[in-house]
Structure formats: structure tokens, C-alpha cells
Amino acid sequence: MRIGYGYDVHRLIPDRKLILGGVEIPFHSGLLGHSDADVVIHAIIDAILGALARGDIGQHFPDTNPEYKNISSRILLSKISSLISESNMRIENVDTTICAQEPKLTLYIKEMRSNLAKDLQTDIDNISIKATTEEGLGISGSQKGISATAVVLLNPA
């Protein structure tokens, strides 16, 4: 059994799409980043890499590489997913929390879970996503950004 933890945060800016868990969410702002800045997927990638002791997202997909400019994080997740099978492991559980004051995310969580299950080649029942606010505190509470944390449990295949 291997456990990994991931965290990501990006600043909200106007005139950019908001992508979370591979879902485009209608909102007046999006997240600033080299890729699509999907904090959900980035946190999960770091959790997987942590469980595999394979570094972090920046080592695998550096923001200095133009190949990754505006790339969908789902493509990055699919590449990382192959490392799981190469390591003779399988996803047992992914548990993710999104911190966002706005927008409300309840309507999008099922689609996020479905995207992640597909990209990780696992059952949707192995994917948990929760959303919370910081009650007006912190980066997300002040609506300056959105963050996500993830814990991943891998077991031998």
C-alpha cells in the first residue's frame, strides 16, 4: 500500500476559462497557469507522484516547456496514470477537496468524478470529490484563488 498527498493553488483572473476536474465551469474568472491550471487534477497528479515517490508535477511537466502551454490537465493525468500501471499498482481511492468561495460546485462534481475515473482507468466509486468554502478566509475565501488537496491510496495490482 502506498499513500500520496497533493496540494495546488492558482490565482483567479478575469477572461480565462475555469476548469476543475476537467469540467469547464461557467464563472466570470478562471485560474492563471501555464496549462489550463486545473487545481483538482494538479493536486491528484502530485498525490499520485508522491505515492510512487516519483517527484512532483513540475518535474514531469515543467512550466518552462512550451509543449504544456494551455494543455488540458486531463492529458497530463492520463500520462501519469500510465506510471501507476508501470509500477504494478492500482488506484484504491482518491479523495479530493476543492476550496472555493465561488462558484458553487455541487452540480459539477459527478462529471468531475467521471472524468477522473476515466483518465485514471478506475471505477468512479474510487473517486471522491468534495467542495468547501473557507468562510471568507484565506485565498479562496477572499476570492483571490482556488485550491485543492488530494490523498491517493495505491495498492499492488
Side-chain angles (χ1 to χ4, degrees), residues 1-65 68-78 80-81 91-120 122 124-154:
M1 167 186 344
R2 305 289 301 253
I3 298 170
Y5 171 79
Y7 170 80
D8 196 36
V9 61
H10 285 272
R11 177 181 308 277
L12 280 165
I13 61 167
D15 302 320
R16 182 145 163 129
K17 291 180 182 178
L18 178 60
I19 310 291
L20 296 172
V23 177
E24 185 175 333
I25 298 170
F27 195 54
H28 58 76
S29 300
L31 295 170
L32 177 63
H34 186 69
S35 67
D36 63 6
D38 187 331
V39 293
V40 173
I41 291 179
H42 293 186
I44 292 169
I45 287 172
D46 268 345
I48 292 167
L49 290 170
L52 295 173
R54 298 286 295 264
D56 64 32
I57 191 171
Q59 290 172 302
H60 290 262
F61 311 108
D63 64 5
T64 55
N65 187 333
Y68 304 121
K69 181 73 175 160
N70 295 320
I71 194 169
S72 167
S73 293
R74 291 188 68 191
I75 294 170
L76 306 180
L77 183 61
S78 292
I80 292 302
S81 181
I91 295 278
E92 188 71 33
N93 181 256
V94 175
D95 186 24
T96 306
T97 302
I98 306 165
C99 289
Q101 194 67 34
E102 288 184 33
K104 296 297 181 195
L105 301 173
T106 305
L107 297 176
Y108 308 100
I109 288 178
K110 184 176 181 181
E111 186 178 357
M112 289 182 207
R113 291 177 65 219
S114 178
N115 287 345
L116 296 171
K118 180 179 178 184
D119 297 342
L120 291 169
T122 191
I124 195 168
D125 291 336
N126 295 337
I127 308 293
S128 170
I129 298 178
K130 305 170 300 292
T132 189
T133 69
E134 289 184 302
E135 303 295 331
L137 301 172
I139 290 171
S140 71
S142 63
Q143 298 184 38
K144 291 181 180 176
I146 294 177
S147 67
T149 58
V151 177
V152 170
L153 173 63
L154 304 178

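- To the nearest 0.5 Å, atom OG of residue S72 and atom CD1 of residue I41 are 6.0 Å apart.
- A distance of 11.0 Å separates CG in L116 from CD1 in I109, rounded to the nearest 0.5 Å.
- Listed by chain and number, the residues in a ring-ring contact (aromatic ring centres under 6.0 Å, His included) with Y108 amount to none (sequence neighbours excluded).
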Show me the donor-acceptor pairs, under 3.5 Å and distance only, between side chains in residues 2-9 and residues at least two apart or in other chains.
from	atom 1	to	atom 2	distance (Å)
R2	NE	A51	O	3.1
R2	NH2	A51	O	3.2
D8	OD2	H10	NE2	3.0
D8	OD2	H42	ND1	3.1

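- Nearest heavy-atom pair across I57 and L49 is N-CD1, 3.6 Å.
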**Request:** Verify side chain to side chain contact (heavy atoms under 4.5 Å, CB included) between L154 and I91, making sure each step is shown before the conclusion.
**Result:** CA-CA 5 Å; L154 304 178; I91 295 278; 3.6 Å; yes
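- Heavy atoms only, all atoms of each residue included: G141 and Q101 are closest at CA-OE1, 3.3 Å.
- Among residues two or more places apart in sequence or in another chain, the side-chain contact (heavy atoms from CB on, under 4.5 Å) test is passed with K130 by D95, T97, S128.
- Under a cut-off of 6.0 angstrom, the local environment of CD1 in I25 is crowded, with over 12 non-hydrogen atoms contributed by other residues, nucleotides or ligands.
- In summary, of the residues considered (D36, I146, D38), a side chain to side chain contact (heavy atoms under 4.5 Å, CB included) with L18 occurs for I146 alone.
- Considering only heavy atoms from C-beta on, I129 stays 4.5 Å or farther from L20 through its side chain.
- Around atom CG of N65, more than 12 heavy atoms belonging to other residues, nucleotides or ligands sit under 6.0 Å away.
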